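Model, not experiment: these values are computed from the prediction. As a basis for the values below, the full set of heavy atoms in this structure was taken, side chains included, without hydrogen atoms, waters or symmetry mates.
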Amino acid sequence: VQLQASGGGLVQAGGSKNPSCAASGRTFSSNVMGWFRQAPGKARGFVAAISWSGSMTYYADSVEGRFTISRDNARNTLYLLMSGLKPEDTAVYFCAADKSSCRTYTAGAYSTRGTYDYWGQGTLVTVSS
């Protein structure tokens, strides 16, 4: 089972990036998926999550209104559309998935690292000022 994040890179402040996360080894169409990020010298923190059906999305306050998480279950791929980027968004972005099937969590659980069982290797997004 692998989650492969890609699509990071260098972008100017105010610009956009659209990293993706391709899953292989099994289908993740019935799994909760999310994005976390880790800036240099900081702990890994929650960015966004999406329910297994795609009907519910959750965001960290710091990215609400600027980032959009989505999924294409037919392609087994997770996306994060990032716009209005700020230098403080600079981080390695990790995708993650839980191992339960069609599970619904309480709202707070979607932002908790322990909810997720599978992790990608991360893709670096650097925002220049």
CZ on Phe67 to OG on Ser83, rounded to 0.5 Å: 7.5 Å

Kindly list each side-chain donor-acceptor pair under 3.5 angstrom involving residues 33-41, sequence neighbours excluded, with atom names and distances?
residue	atom	partner	partner atom	Å
Trp35	NE1	Tyr79	O	3.2
Arg37	NH1	Asp89	OD1	2.9
Arg37	NH1	Tyr93	OH	2.9
Arg37	NH2	Ser62	OG	3.4
Gln38	NE2	Lys42	O	3.1

Polar side-chain atom of Asn31 near backbone of Ala97 as donor-acceptor pair, under 3.5 Å: no

Rounded distance (nearest 0.5 Å) linking atom CD of Gln121 with atom CD of Gln2: 8.0 Å

Sidechain-backbone polar pair: Asp98 side chain, Asp117 backbone, donor-acceptor under 3.5 Å: no

Shortest non-hydrogen separation from Asn76 to Ser29 and the atoms involved: OD1-N, 4.1 Å

Heavy-atom side-chain contact between Ile50 and Leu78 under 4.5 Å: yes

Arg26 to Phe28, cation-pi by 6.0 Å centre distance and 45° axis angle: yes

Nearest atoms (heavy-atom pairs only) where Cys21 meets Leu3: SG-CB, 3.9 Å

Reported OG-to-CH2 distance for the pair Ser100 and Trp52, which is rounded to 0.5 angstrom: 13.0 Å

Flag, side chain of Thr90 to backbone of Thr126, donor-acceptor distance under 3.5 Å: no

hydrophobic_cluster_shared for Tyr116 and Met56, side chain cutoff 4.5 Å: yes

pair Met82-Val125: side-chain heavy atoms closer than 4.5 Å: yes

Check against side chain to side chain contact (heavy atoms under 4.5 Å, CB included), Val47 and Leu80: CA-CA 10 Å; Val47 175; Leu80 184 67; 4.2 Å; yes

Please output the side-chain donor-acceptor pairs of residues 4-20 that fall under 3.5 Å, not counting sequence neighbours, one pair per line with the distance.
none

Derivation of the side chain to side chain contact (heavy atoms under 4.5 Å, CB included) call for Thr123 and Phe94: CA-CA 7 Å; Thr123 186; Phe94 298 89; over 6 Å; no

Short side-chain to backbone donor-acceptor contact, Ser55 and Ser51, under 3.5 Å: no

Cluster check Phe46, Trp119: I/L/V/M/F/W/Y, side chain < 4.5 angstrom: yes

Test salt bridge (charged side-chain N to carboxylate O under 4.0 Å, His left out) applied to Arg75 - qualifying residues, sequence neighbours left out: Asp72

Side-chain donor/acceptor of Thr115 to backbone N/O of Tyr110, under 3.5 Å: no

